[in-house]
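Residue numbers begin at 1 in each chain, while the letters A, B, ... track the order of the sequences.
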Amino acid sequence: MAAPRPYPFPPEYRSPGPMNDAATPARYDFASAEPRWQQAWDAQDCFKVPDVPDGSRPKYYVLEMFPYPSGKIHMGHVRNYTLGDVVARYKRARGHQVLHPMGWDAFGLPAENAARERGVHPAAWTYQNIATMRAELKRMGLSLEWDREFATCDPSYYGQQQKLFLDFLQAGLVERKESWVNWDPVDHTVLANEQVIDGRGWRSGAPVEKKKLSQWFFSITKYAPELLAALETLDRWPERVKLMQANWIGRSEGARVRFPLATPVAGHESVEVFTTRPDTLFGMSFLAVAAEHPLAAAAAEANPEIAAFIAEVRALGTSEAAIEQAEKRGIDTGLRVAHPFIEGATFPVWIANFVLMEYGTGAIFGCPSGDQRDLDFARKYGLPVPPVILPPGEDPASFAIGRTAYTDEGTLYNSGFLDGLGTAEGKRAAIDALEAKGAGTGVVNWRLRDWGVSRQRYWGCPIPVIHCEACGTVPVPADQLPVTLPEDVDFSKPGNPLDHHPAWKHVACPQCGAAARRETDTFDTFVDSSWYFARFTAPKAATPLVAEAANGWLPVDQYIGGIEHAILHLLYSRFFTRALHGMGQLGTPEPFAGLFTQGMVQHASYKAQDGRWLAPDEVDVAADGSATDKATGLAVTVSRNDKMSKSKRNTIDPGAIIDHYGADTARWFILSDNPPDRDMEWTESGVSGASRFTQRLWRLVNNAADGLPPPGAVPAEGAARALRRATHRTIQAVTEALESFSFNVAVARIHEFANAIEQGAAEDGAARREALEAVARLVSPMMPHLAEELWSMLRPGAGLVANLPWLEAEEALTRADSLTLAVQVLGKLRATIEVPVGTDEATVFALAEAEENVQRAIAGRPIRKRIHVPGRIVNFVV
RNA sequence: GCGGGCGUGGCGGAAUGGUAGACGCAUGGGCCUUAAAAGCCCCCGUCCUCAGGGAUGUACGGGUUCGAGUCCCGUCGCCCGCACCA
């Protein structure tokens with residue numbers, strides 16, 4: 001692991017150390033305060049809740065996506081857990097019983113990479129990382145209940161997961177099917193998509209091949225209709241995430257059409273195609289199948305050119321993005337199919353690299369005039385483009401398709417019996433005709449595929465199955481679980497260490513007792529993260545779930561994590577929950593009632609002229625943002641908005657930040673910088689600004705604390721009114737901002753409030769105490785340590801802010817007695833007027849019209865219309 | 001390529017269809033200090049100005065409205081996901 005980098009802090013922000021040095025003004029000493037308050041929370045078990053909510057207060061389950069233990073925490077974690085902690089502390093103050101646990105998504109590839117590269121055992125590497133990261137998280141002052149912690153690589157967790165797998169098997173939700181993997185022919189290893197770079201294996205550099213393997217699948221497609229329909233019930237999910245999921249599930253109505261082959265090939269009499277546009281069948285120009293389609297294989301047998309083309313397509317790997325971005329290419333098989341409607345006509349069968357075997361039937365009919373991809377393909381290979389849809393207002397004699405297909409609705413023509421019909425009627429009529437002829441049927445197709453969970457890797461949860469020659473695949477009996485990973489594994493050979501372990505896989509068949517073989521594949525790590533949120537409700541139970549605990553706490557009220565998980569992790573978790581609900585193990589069909597997706601954390605990156613990436617402490621940044629290399633003095637290319645990454649060396653270590661500024665400063669800066677759902681940029685000046693504000697608040701209280709009247713004093717009327725109004729309006733505004741995840745706005749309101757307190761120096765002492773106590777309590781979800789420190793100065797010995805209820809604004813004190821109205825003429829601002837609350841409309845118009853600027857803008861023209869939006873605006877139309 | 005999102009001063013951003021730029025950061029000027037640090041105060045979209053104001057401005061081009069950063073259509077740029085990274 002890389003040594004921690006020094007951080008280029010200005011010397012003035014180092015921890016001030018012991019105070020009461022007469023020569024320097026007193027400062028807030030976060031370095032001693034933060035651990036002190038963390039101990040105080042621990043000592044009182046502030047964040048502990050029972051396994052079953054006791055009903056004394058409403059329950060609230062706050063969960064952030066648990067981290068992968070990669071080594072150290074990064075700023076993305078700090079942002080994620082700060083957001084969650086604000087919610088957890090705020091909800092707790094609002095009187096909820098808050099469950100807020102933490103654990104580790106601990107299986108995965110990086111541990112195996114570390115084992116191969118450095119000879120560390122994956123378990124040792126993982127648990128060491130967990131220890132480091134746990135210590136770092138604890139320093140952040142999060143209101144977590146650490147007693148519930150677990151790692152998914154603990155046998156006590158993955159053993160329970162194996163039990164769930166047996167339940168899924170029993171429920172008919174598991175299947176064994178063949179599917180394609182990326183195969184590295186040199187390393188003899190299955191590659192993850194991220195390990196395929198430009199079609200080559202990342203270590204060997206060899207062109208990847210696609211290989212078919214028999215693998216385990218969860219039947220998520222059985223739940224496709226439910227998963228789609230239930231999106232509507234998720235009213236506290238971002239619309240964009242629901243949209244992405246709906247598109248991913250991809251329900252589409254269309255038809256399956258059977259095209260008879262002119263001459264049967266290798267036992268194939270026909271090709272079946274799925275289409276959402278059966279109305280355009282008369283616009284057919286060709287038929288195309290995927291390279292993995294059986295017909296393609298049959299055609300390749302007699303033709304080496306076709307075989308070469310298929311091999312080329314295979315070399316693209318299994319990533320859909322790579323396949324679809326490749327240049328659209330194809331090859332004519334020489335086969336021809338008959339048309340279901342056009343008597344005697346036949347069309348060529350092509351193999352095309354953009355047709356996906358996984359979608360529909362792995363074959364399409366090409367209608368170039370109505371589909372852009374088909375058109376590009378037809379133009380490239382000189383195939384005909386018969387137009388069949390006439391856009392509204394076009395003349396059939398002159399309308400022609402050029403470089404752009406017409407994909408919208410219109411009137412069918414050149415289409416035999418469909419002529420004159422619109423798009424919707426055309427679809428219906430075409431399906432009716434197909435069904436009457438026995439050439440096809442109307443169907444609903446789903447884009448969603450079953451979830452392949454087999455991985456040929458060591459560091460994952462063993463799939464508890466035994467393969468027996470006589471009995472087939474036999475589940476490991478529940479009383480023989482968990483199937484644990486062997487510890488003595490050899491990573492010097494490529495491939496799956498479980499597979500070449502000398503003893504582990506050799507077992508007796510549980511059914512017949514004959515020699516049999518353990519499944520050596522392990523689960524996709526998405527399985528681990530598909531139920532951990534439920535396990536947190538009873539993390540040590542001897543069964544996967546405990547009904548009262550799970551049903552008492554679930555669903556998660558607020559789930560927080562990165563937008564990059566918008567589809568897969570969230571959809572798999574929804575599927576798992578629904579499946580467990582169906583088996584009667586969970587009371588809720590949906591895992592996450594509320595979802596918030598945060599943006600990424602970025603930092604400027606610096607590239608020297610010779611192409612090396614420079615770390616932030618290796619450059620001098622000038623006021624105008626330009627930078628030079630400290631070592632060479634040469635100018636450096638600065639790029640903002642770069643995702644923090646080790647390769648660009650622009651990561652900032654949260655541990656170093658906490659050392660130098662304290663956890664509260666880091667939290668405050670992260671919250672203040674921008675709205676939490678957007679990407680944020682970590683800047684040095686931003687953190688130091690946040691640090692100054694913590695000192696300013698502390699000073700504000702420290703300077704005032706001695707001169708305040710005792711708690712309970714009643715503020716006087718009159719002079720104190722302005723400050724009291726500021727206090728109660730701030731309570732109102734911060735509360736609203738916290739409720740709506742506008743944490744940056746909450747920060748702004750607290751800044752304004754601090755300004756107001758400073759300006760109100762001569763005010764009534766009781767009002768001042770009220771204001772300062774409000775500050776301490778309002779910042780507490782965001783800067784919990786500073787809040788405790790301020791509170792202890794204001795109310796020595798009065799207990800913890802963490803145990804206080806949230807402040808309520810007094811409505812009467814928030815009202816103003818006059819308001820400012822904008823006066824516009826023709827929608828342009830010309831003046832503002834100050835009127836007492838409750839002024840009637842006629843008076844408002846008269847006052848507005850009397851303004852000198854307004855008169856000038858009206859310029860003697862008659863007023864046609866007067867608009868008054870009470871409390872906002874007056875507009876004169878002339 | 002397909003699906004989703006975002007775009008407002010030098011920077012991060014604020015703004016129930018109703019005063020665009022709150023609040024913060026940076027820069028500049030000033031106070032304090034022997035000096036620095038810390039702290040405090042002022043200015044701060046652009047252009048014009050008779051110093052009252054005026055024009056213009058929310059990626060770009062259109063539209064709806066008394067009124068558009070906000071709603072609608074199109075274009076451009078950037079970001080996320082694409083099923084074996086987590």
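Within 6.0 Å of atom CG in A/D408, more than 12 heavy atoms from other residues, nucleotides or ligands are found, so the atom counts as buried in its surroundings. Atom CD of A/E852 has 12 or fewer heavy atoms from other residues, nucleotides or ligands within 6.0 Å.
One P atom belongs to B/rA38, the other to B/rG28, and the distance between them is 14 Å to the nearest Å. Atom C1' of B/rG29 sits at a distance of 23 Å from the matching atom of B/rU34, rounded to the whole Å. A distance of about 16 Å separates the C1' atoms of B/rG12 and B/rU27, rounded to the whole Å. Here, B/rG45 and B/rG9 have their P atoms 13 Å apart, quoted to the whole Å. Between B/rG4 and B/rC44, the distance separating the two C1' atoms is 38 Å to the nearest Å. Straight-line distance between the P atoms of B/rG54 and B/rA20: roughly 12 Å, to the nearest whole Å. Rounded to whole Å, the P atom of B/rC66 lies 47 Å from the corresponding atom of B/rC82. As rounded to the nearest Å, B/rA14 and B/rU8 have P atoms that lie 11 Å from one another.
Across all their heavy atoms, A/A831 and A/V854 have their closest contact at CB-CG2, 3.9 Å.
Ring orientation note: the planes of A/Y223 and A/F575 are nearly perpendicular, at an angle over 60° on the 30°/60° scale. Ring geometry, A/Y68 versus A/W125: the interplanar angle falls from 30° to 60°, so the pair is classed tilted. Using the six-membered ring where Trp is involved, A/H569 and A/H565 have ring planes that are perpendicular, over 60° apart on the 30 and 60° scheme.
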Practice task
Before giving the answer on side-chain hydrogen bond (donor to acceptor under 3.5 Å, both in side chains), spell out for A/Q759 and A/N755 the whole-Å C-alpha distance, their side-chain angles and the decisive distance to 0.1 Å.
Solution key: CA-CA 6 Å; A/Q759 275 147 29; A/N755 293 341; 5.6 Å; no
Exercise for the section: Determine, stepwise, if the pair A/F107 / A/Y158 fulfils ring-ring contact (aromatic ring centres under 6.0 Å, His included). Expected result: CA-CA 10 Å; A/F107 275 136; A/Y158 72 72; 5.5 Å; yes
Practice task
Output, in order, the C-alpha distance, side-chain angles, deciding distance and verdict of ring-ring contact (aromatic ring centres under 6.0 Å, His included) for A/F669 and A/W682.
Solution key: CA-CA 9 Å; A/F669 170 57; A/W682 185 272; 4.9 Å; yes
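Using a 4.0 Å cut-off, no side-chain N or O of A/R872 falls inside it from OP1 or OP2 of B/rA15. The side chain of A/N875 places no N or O atom within less than 4.0 Å of a non-bridging phosphate oxygen (OP1 or OP2) of B/rU65.
Here B/rU8 presents its C1' atom at 14 Å from CG of A/N674, a figure rounded to the nearest Å. Note: CE (A/M680) to P (B/rC78) measures 23 Å, nearest angstrom. Between the CD atom of A/E684 and the C1' atom of B/rC11 there is a distance of 14 Å, rounded to whole Å. The interatomic distance linking A/I873 (CD1) with B/rA15 (P) rounds to 18 Å, in whole Å. Between the C1' atom of B/rC79 and the CZ atom of A/R240 lies a distance of 10 Å, rounded to the nearest Å. To the nearest angstrom, C1' of B/rG3 lies 14 Å from CG of A/L356. The CG atom of A/D679 sits 8 Å away from the P atom of B/rC80 (whole-angstrom rounding). Rounding to whole angstrom units, CD of residue A/E758 and P of B/rC40 are separated by 6 Å.
Base orientation of B/rG9: syn, since the glycosidic angle falls within 90° of 0. Base orientation of B/rG17: anti, since the glycosidic angle falls outside 90° of 0.
The side chain of A/Q824 lies closest to B/rU19 when the candidates are B/rU19, B/rC23, B/rG13. Comparing atom distances between the A/R678 side chain and each of B/rG67, B/rG1, B/rG7 picks out B/rG7 as nearest. Distance from the side chain of A/E752 is smallest to B/rC23 among B/rC23, B/rA38, B/rG13.
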Problem - Secondary-structure string, 5' to 3', Watson-Crick or G-U under 3.5 Å, | for another-strand partners, for RNA chain B - result: (((((((..(((.....[....)))..((((.......))))..((((....))))..(((((..]....))))))))))))....
Handout entry: Nucleic acid footprint by protein, nucleotides 47-56 of chain B - heavy-atom cut-off 4.0 Å, B for base, S for sugar-phosphate alone
Key = ------SSSS
Fill in the blank from the handout: A correct 5'-to-3' footprint of nucleotides 81-86 of chain B, with B, S and - meaning base, sugar-phosphate only and no protein heavy atom under 4.0 Å, is SBBBBB
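A/V869 comes within contact range of at least one nucleobase, with a heavy-atom separation under 4.0 Å.
Proximity of the aromatic rings of A/F576 and A/F218 is defined here by a centroid distance below 6.0 angstrom, and this criterion is met. For an aromatic pair to be called close, the ring centres must be under 6.0 Å apart, and A/F217 with A/W451 fails this.
Along RNA chain B, the nucleotide nearest to A/N744 and the one nearest to A/R864 differ in position, and the one closer to the 5' end is contacted by A/N744. Comparing A/I867 and A/H751 along RNA chain B, the residue whose closest nucleotide (by nearest heavy atom) sits nearer the 5' end is A/H751.
A/K828 places none of its side-chain heavy atoms less than 4.5 Å from the side chain of A/L826.
Because its NZ or CZ atom is not both nearer than 6.0 Å to the ring centre of A/W698 and within 45° of the ring axis, A/R27 does not count as a cation-pi partner of that residue.
Salt bridge absent: A/D376 and A/K328 never bring a charged side-chain N and a carboxylate O closer than 4.0 Å.
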